[in-house]
Every structure is written in C-alpha cells, then in structure tokens.
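This report concerns only the one structure given below.
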Amino acid sequence: MSTLDLGLVGNGAVSALVDPSGEITWACMPRPDADPVFCSLLRPRAVEADFGYLSIELEGRVSSEQRYVPNTPLLVTRLVDAHGAALEVLDFAPRFRQHGRLFAPAQLVRQVRPVAGSPRIRVRLRPAADYGAARPTTTWGSNHIRYAGSGHVLRVTTDASITYLLEERAFVLREPFALLMGPDETLQGGVAEVARHFRESTEDYWRDWVRGLSIPFEWQEAVIRAAITLKLAAFDDTGAVIAAPTTSIPEAPDSGRNWDYRYCWLRDAHFVVDALNRLNATRTMERYLGYVINLAAQAGDRLQPVYGICGRAGLDEAIAPALPGYRGMGPVRVGNLAFQQAQHDIYGAAVLAATHAFFDQRLAAVGNEGLFRVLERLGEHAVALHAEPDAGPWELRESAHPHTYSAVMCWAACDRLSRIGQRLGLSVAAARWKDEAARIHAVVSGRCWSERRRSFVATFDGDTLDASLLLLAELGFLRADDPRYVATVDAVGRELRRGDFVFRYAHADDFGAPQTAFLVCTFWYVDALAAIGRREEARALFESLLACRNPLGMLSEDADPATNELWGNFPQTYSMVGLINSAARLSLRWDEAWRAPVSALKPPVP
C-alpha cells in the first residue's frame, strides 16, 4: 500500500517526489503545473505494461533507507540486497549561481553508485504524457534518449548503457552512472563531470542559503526542513508560492475531496509572508510580494481566490481519466474551480501581505503612494463585501454565508490601509480607513459573537464554530487577553479537537462530515494556546504534531486523528508554514537558552 513517506527534490523550477524504494513517482515538467512526466503516485503499478515512473530495481532487495544531505534538498536512497550488496541513489535538481545569475533549469539529476558488493539492477525509465494517457515517442542517440509527448520533450542524457535503459535489461552495477533529465538540449560536457559539478554546486548553494536563515533555538532541524520545503514551493520565474506540487491526493480515504493544489492561493499570502519574514528569507518573500501585488494591480472589479503560477485567472477543472488516483481513489482533477468562487477574505489577505512593502526596510521595492492607491481598491471591495455571503475560507462549493473570518479579514484590510496611510503621511486617507475598520469591527462584534455559545461563531448570526476563529488575535482583531477570545479558544478546543488534532469544522458539508484534520488548524490552536498563556500545553501539542511528519520531515494537508496517517496533497505549504510560525513562537529565545536548565535543552528532533 502506498503512503506519503515520500521525499521532495526541486529547485524552484521543477520538483519531484521519490518513494522509499527510490522510484520517482511524481514530477511535472517543464514547470510545477505542467503535465506529469512521472505519475505513478496517482496510478500505482499493477501490471507489467504500466508506465509513468523511473525506478532502479535491485534484485533481491531486502531493505531501503532515505535521508537528506544535511541542510539541502538532495535526497539519498540506499538499497541493500539479501547478500549485503548495496547501492545509493542521489536525486536533486540543479540550483546555484554562475556567471552572475541563478542557474535553476527545469532538470532533474539522478546519480547511482555501488557502495558494497555487486548489486544487480534494472532501470525502468518510463515517462508518461497527457496525464498518464500515453507513452511518449522514443528516439535516441549515443548517450541520450528523447521522449516526445504531445506538449513536451524530455531528454535524458546518461553515461549508462543506452541499450540497457531502452530494453530494461538487468546488469551488475560496477561503476557509477548519472541520468540528467530535462530540456531537449545537448549537454555541454561529459555526463559524469557535469553531474558532479551540478551536485557540488547545488549542495553549496543550499548550505549557504540555510546559513542565512533566522531560526529558533529549539526544533532547528524541523524548521530547516520546513524552510527548504517552503522555498521549493516558490516558482522562481514569477515568485508565486504553490499550495503543493501534487493534485488529487484525497483529504480522506474515498472522500472525493480531491483537488489540484499546484496553484497559488491568496488566502495563504499573509501566513506565507509571515513565515518567510521570520526565516529572514527576504528574497523569496520579496518575489512573492511582487506576485501578489501584480495580481492586486490587475484585479479590476474582482480579486479571485486562486491563480495560476504565472497569474493566469482561468483554472477550469477537468478529470484526467487515465489516472485512477492515489491508491485508486479518484477522481484526478486538473485545474481548480475555486477560482470562480467568492471569497471575501482574500482582499484582506492581499493587503496584509503587501503591508510588508511599506514597513520592511530590507526590501528593495519599497511601498509608495502609487501602490497604496492600488491597495485602496481592494479596501473598497472589503468595505462593500464584508457582510455579504461567500464560500468562506474552506471553499464550500454548494453553500454561501456571511463568514466571520471573511469579515475579519475585510476589517484587517481597512486597518492595515489606515496604518499604511499614516506611514505615508496621508492623514485624510488614514482617518477614513480607520473609520471603516471601526465600523466593520462593530458589525462583527455584534453579529458574530454568540451569548448563548459564549464564543465567536463561524457565520453571522450563526451557531457553529470553525477553526479560523483561532486567528482573531493573530490578526489583531482582538487582544489575546480579551475574555471573548479566551472563551472562543476554549470553545474551539471543546468542539473541534479530536485527540491531538483540531478540525476545520465538525458539521457536514458538500461531501459529508470531515474525517481528517486540516493540519494548519492545529498549528493555529497551538499558537492560540500560547497566546492565552497555556504555553506548556501548546508545546506538548506542537511536539505531537512534529511526530506526525513523515520520515523525511514533511507534512501533507491532513492527518487521520486515529492513526496519524497523512492525507491530502503533499507536501502542503500551509502545514509547513504552520510549523515554522509555531516553532518561532514557542521556542526559547537564543539569549534565554543559555540561562535555561540543562534538562530543558532537548536533543534535536530528526
């Protein structure tokens, strides 16, 4: 049975998922939202004729293990047979600086080397095209194979035997070889030398990048892995940050909650920017801010919840019939109809993210009055729509209500515009937006607080709770010591917590009652507990969340509260962002650590 015990490799242009046996099960080329050339994650191998994967099959294999090269996304898979013969597979995507610019091609590199005995292997290199519907046309030369699909040509250059690869013949691995998979371009230089240069330079790049991070004293390895994963979610060309590199891994078994997450959700913008800022990943943050600001400038009459990685607005949804789905649990969707929804929180999300441009003096592109006037258009939408029905933060497809979270984010848009106006010396505008914020605050306080429930509720004049209410203090709508906020956190804990997890909501939706927990909600609960003074409880819950990560330190979108099994698209940016932000809030400060008892200084979490 397949699981999400997968490793992620990438470089900001492409990414791939590798399973514990060293099989590349998912990779979209030439960019994250493109046709997958490897797709066995969504069509598990069942018959000999199956395709859509790259595997190194060791005869008589009895064990495998994986690890990352420390502080990098270079993934090592070690395979061992019954006689002790062993080999290592190193997967990565080149990323480094040369000739004064960044080199990060749409290319994957796989290096294979023997490490003990005489391992006998078979390489199965079987790309797919048209979302698993066809095998590409194959041509080859003396040291390369071309796989021509309907929309993309994958060129694999190698110093292994072309015959062995084409005929999938078994052979004894006596010396290393490499596979360089990418654009249909002639490789400049010898395969082994180029692969070695790419590996060494890529290791140096990532180690240098990690050295520049600001990280908490505690949980350093977990945060570094989360930071690298977040960095790999950023599409360098435009600055967009995708929700996940996969599509249609269900949120729960046979639930039908299968969505394409290879796009950029504005809902996530504030939290992503916050995490990047905490990490001191300012270049990635600035690129992402540029992407968000461009969307705001082109929005016109309406800002939509999700966009393509190049800013494309239309993400029409279709089914990929050739892919039966993760563990056979289809459908596999391409595109996401959420782009058509009304989600009023996004006006606040965009303004909150862009606010950094006016206050962070590290950034090269400083916010000015021109940008402020662009953001004011989003504020106008927030004022007009704060009490109107929408799909809410959970993107309900068949119902609409005036959601508390959406209204609070509209308040946040006005509040931040007031602060920006004051920063720019625009006193009239600042006063106007302060008044609008106060008006929305009064509406939310009057219609979203339930005296009967002694809690804020999910919708205007409603009776149910959802996890977004945990963010009322995070967003500045309430002080953390406000009795109403403390009561709301308590109510969410009572009604939405299942074991060590907090659900988005408990009521049935378009697909029935939720079965799994949306992981970022539990991180929000951790942060809320810390904010209201229940810090030790928050730390214990955070540790339990860390234990849910897969063996390589990553989280998906959801988890089964009974088994801790990961579900949903993987790795989920929102979950990794939650980990980063919670760790930063909970950790001992560096200056505190040296005064703490030695017993409090735990060993690193692997």
Side-chain angles (χ1 to χ4, degrees), residues 6-18 27-28 31-33 68-75 91-97 101-108 201-216 219-246 261-265 268-269 271-292 309 353 356 362-363 549 552-556 569-581 583-584:
L6 305 170
L8 173 72
V9 299
N11 65 355
V14 293
S15 60
L17 295 175
V18 185
C28 297
R31 51 188 237 180
D33 59 352
Y68 278 111
V69 176
N71 293 354
T72 81
L74 282 75
L75 181 65
D91 288 300
F92 68 97
R95 183 181 178 92
F96 51 90
R97 296 195 175 277
R101 61 182 184 270
L102 181 68
F103 177 73
Q107 185 176 61
L108 299 171
S201 299
T202 300
E203 283 189 28
D204 289 345
Y205 170 88
W206 284 105
R207 286 173 174 152
D208 185 62
W209 185 79
V210 167
R211 277 196 293 270
L213 293 177
S214 176
I215 60 173
W219 308 297
Q220 292 183 35
E221 291 182 63
V223 171
I224 288 170
R225 183 54 51 199
I228 291 172
T229 306
L230 174 56
K231 175 71 170 173
L232 295 182
F235 182 54
D236 275 339
D237 188 55
T238 64
V241 176
I242 60 174
T246 58
Y261 273 18
R262 299 172 298 159
Y263 309 114
C264 184
W265 267 259
D268 305 351
F271 304 98
V272 170
V273 168
D274 192 33
L276 291 170
N277 194 14
R278 290 177 186 277
L279 291 167
N280 195 40
T282 50
R283 294 193 181 193
T284 304
M285 181 177 77
E286 191 164 23
R287 292 284 292 155
Y288 183 49
L289 285 175
Y291 173 85
V292 172
I309 58 176
H356 285 260
R362 297 170 299 175
L363 305 184
R549 295 174 304 145
L552 290 167
M554 283 174 284
L555 292 167
S556 64
N569 282 305
F570 175 91
Q572 174 76 0
T573 299
Y574 221 177
S575 298
M576 305 310 286
V577 162
L579 187 159
I580 293 165
N581 288 336

(request) Answer whether the closest heavy-atom distance between the side chains of N11 and P73 falls below 4.5 Å. (result) no
(message) Distance alone, cut at 3.5 Å: any donor-acceptor contact between the side chains of R211 and N71?
(response) no
(message) Just so I know, are the side chains of Q572 and Y261 near enough to count as touching, which here means a heavy-atom distance under 4.5 Å?
(response) yes
(message) Once rounded to the nearest 0.5 Å, what's the spacing between atom OG1 of T238 and atom CZ of R287?
(response) 7.0 Å
(message) Contact between N280 and R362 at the side-chain level, heavy atoms closer than 4.5 Å - yes or no?
(response) yes
(message) To the closest 0.5 Å, what do you measure between CG (L552) and CZ (R225)?
(response) 8.0 Å
(request) Would you name the heavy atoms of A244 and P571 that are closest together and state the gap between them? (result) CB-O, 3.5 Å
(request) Please identify each residue that fulfils side-chain contact (heavy atoms from CB on, under 4.5 Å) with R283, with sequence neighbours left out. (result) R97
(message) Under the rule for side-chain contact (heavy atoms from CB on, under 4.5 Å), what residues qualify as partners of A16, not counting sequence neighbours?
(response) V9, I24, A27, L108
(message) When you compare the side chain of S15 with that of L232, does any pair of heavy atoms fall below 4.5 Å?
(response) no
(message) Can you confirm whether I228 sits close enough to V210 that some side-chain heavy atom of one is under 4.5 Å from a side-chain heavy atom of the other?
(response) yes
(message) What I want to find out is whether R95 reaches D236 closely enough, with some N-O distance under 4.0 Å, to be called a salt bridge.
(response) yes
(message) With heavy-atom distances below 4.5 Å as the criterion, would you say the side chains of D91 and L74 are in contact?
(response) no
(message) Let me confirm one number: the OG1-CZ distance from T202 to F103, rounded to the nearest 0.5 Å.
(response) 8.5 Å
(message) For P105 versus V14, what's the shortest heavy-atom pair and its separation?
(response) O-CG2, 4.3 Å
(message) Looking at every non-hydrogen atom in both residues, tell me the closest pair between S575 and S556 and how far apart they are.
(response) OG-O, 2.7 Å
(request) Give, for atom CG of L555 and atom OG1 of T573, the distance between the pair rounded to the nearest 0.5 Å. (result) 11.5 Å
(request) To the nearest 0.5 angstrom, please state how far the OG1 atom of T246 sits from the CZ atom of F570. (result) 8.5 Å
(request) Mind checking side-chain contact (heavy atoms from CB on, under 4.5 Å) for A234 and listing every partner two or more places apart, or none if nothing turns up? (result) V241, T284
(request) Look at the rings of Y263 and W265 and say which category their plane angle falls in: under 30° parallel, 30 to 60° tilted, over 60° perpendicular. (result) tilted
(request) With the side chain counted from C-beta on, respond yes when W219 and L579 share a heavy-atom pair under 4.5 Å apart, and no when they do not. (result) no
(request) Answer whether the closest heavy-atom distance between the side chains of L8 and Y68 falls below 4.5 Å. (result) yes
